[in-house]
Amino acid sequence: MVNNDKSTVKSYEDLERAVEESGRPYDMEKIRRAYELAAKAHAGQTRLSGESYVSHPIATACLVVDLGLDTDSVVSALLHDSVEDTDVTTDDLKSAFGAEVAQLVDGVTKLGKIKFSSVEEQQAENLRKMLLAMSKDVRVMLIKLCDRLHNMRTGDGWPEQKRRDKALETMEVYAPIAHRLGMSNIKEELEDRSLKYLDPIGYSEITAHLDQNGGAQEFISDIADKIREHLEENGMGKCTIKKRIKSVYGIYRKMFIQNRAFEEIYDVYAVRIILDTVGECYNALGVIHDMYHPIPSRFKDYISTPKPNMYQSLHTTVIGHEGIPFEVQIRTWDMDRTAEYGVAAHWKYKVGVNSKDTDNFDSRIAWVRRLLESQREGQDAGDLLRDIKSELLPEEVFAFTPKGDVINLPAGATAIDFAYAIHSAVGNRMIGAKVNSRIVPIDHKVVTGEIIEIITGPKDKGPSRDWLNIVTTSEARNKIRNWFKKERKEENIAEGKAALEKEMRRNLVNIPDDQYDAFMLDLARRQRLNTTEELYAAIGYGGVQLSRLMIKIKDEYTKLLKEQAPAEVPPPVTIKKQKSSDGVVVEGIDNCLVKFAKCCNPLPGDDIVGFITRGFGVSIHKRTCGNAQAGLAGPDAERWVNAHWADSVKENFKSTLELFAVDRDGLMADVAGLIAELHLPCYAIAARKLSDGRANMTLTIGVNNTEHLNTIIGRLKKIKSITTITRL
Ligand code: MN
């Protein structure tokens, strides 16, 4: 649960204390110099919450110390915002603190500039950049995670829209990365704090449940005492027992995504037993199963089969004497550190503060490199995003080959994915599969614990193109494509060319013959391919998605037509119009930098005014916005200027709607269906059942203007059982 007593305002003394408590030999002289530079550079700057800015880098540095990172990381945390926000340059840092600090700060600054986008293609490219930075030096990402964590701890003062944007970005990008790096503490806090901003009602409903169960604390303490007693009797008196309550977001997922009642969640309360050796862990498991009745399907042995992020533990759910189920996690100290600190455990427990030795921790971020390497030329951005997301996805399944080898796959993977995970030769020759000796369809979804036998055919059989739509892992998809790429080059070219020509005819794209070759070559180059033939082949084997390519073709074709439009027609005489920027015309100012105020999120069609900011262009407010009204009446009134919307606004504006409805089956599907039918970009959607039988939904969609928004609201209102719709 988000702990609000954690003091978020830190002074340099707090950092000194944190360093001292860590008991590690940090270079305090270097750290003090970094602090002094940061304090000087940020002098006079304050945070939105009012305290002086430097408390933020100090707090970030404290978190970095807590992770056990080295002196250079602490120094870089102190200076992480200095290059971006002050006069300090990378060269200054290099001469004062060395090349490594300069590189770390540069890395963190660059990570911060990668703007999370809801546009799929951009999002994929940005994630790729993040992974690249991380694969070079994972400390960059660790410092960035500490930075984000402190920002989320202090986000209550942000305007509503910024809170939602940051929370969404944290939920979609940073928390999954923290998870993949095995840092469960940071991941859980990031998720809980994001949830608090994204679904405040759902969040408070769960915390209320947890508060009501005050008795549960007692219940779990009682159990911990009893377990300790029994372990002592069995010669394991040296154990440490921790009591644990599931994270709010963990509960939220089970309640709202898996649709279970709070009482139906078995692992809200857990007892964690930490022992010295693996042998003791299994012995302790025996003791627990002796004391309590285990729920058979809920035992998991992540010691013999670690999760991909290296997590190891024994999990079992048992029924307490009062009939209340609870989870017991058993592991060694080593496993516990890995579980809580992930990659950072490497610094915290294994190497000195100044060492750069990265021997056995490389495997922890090997997946990052694997993913980057698996990228092929001409790959579609949407595919990359899917690959990254499936690699970051938290849920995994484990299945066995008949020989007993463990294959681990993301949840939802099929028998074909399983076959390709064994070896591409097995996948390419696959003709069927058996699970626990019974034949299953090849799109069978793998379930943990199954023994899967892949039936293979003749050597030259080869996969089917349809499989590309069935498989869920990037590994299988890549291997299938590679087969087609290699084995069927001619066929791919012919098929790709035919498909492209057909699609162009269907879209009435008719490129003049004398320009055809140049047009196609240009298109190929844009896909990072060298020749038109390669482009045809890529379409043929599925490396380039035709539907996406058509969007680009149509764009280019329109440009081409414009260029060739006859120039004889003289331009009509018009009064000189002021140029618009971002679809807004600010009276008296041409081409100015325009941004939309987060307090009122104006949409085309709204009556608007502009405010001339100091150095950041003109910020556009709704005329009815409280801030604008106050401003127009205030001492700065002359800085408010008239503005209006340009005639054609093509941009997409985010708008958030809140819906109430009488809950019924299929409600969510109807809403989602309408969004799809209207081709609206959907940035966020959340739905909850309220205790009074109603349903509450918030959705953030992209709209063109108020008129467009009103049409959408009108359509939404026609959906059965929806009662009210408000624009947030
Ligand atoms: Mn920062």
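First listed ligand is number 1; within each ligand, the first listed atom is number 1.
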Original post:
Does the distance from a Lys or Arg side-chain N to an Asp or Glu carboxylate O, for Lys94 and Asp106, drop under 4.0 Å?
Top reply: no

min-distance N/O/S atom, Asp81 vs the Mn ion (ligand 1), resolves to OD2

*Arg47 versus Asn151, side-chain donor and acceptor atoms under 3.5 Å*: yes

task = Please step through side chain to side chain donor-acceptor pair (under 3.5 Å) for the pair Gln103 and Asp137, ending with a clear verdict.
result = CA-CA 9 Å; Gln103 268 166 28; Asp137 190 338; over 6 Å; no

Review point. Any ion pair linking Glu169 and Arg148 (charged N to carboxylate O, less than 4.0 Å)?
Key: yes

NE2 (His80) to the Mn ion (ligand 1) to NE2 (His56), nearest 10°, is 90°

The atom of Asp147 among N, O or S that is nearest the Mn ion (ligand 1) is OD1

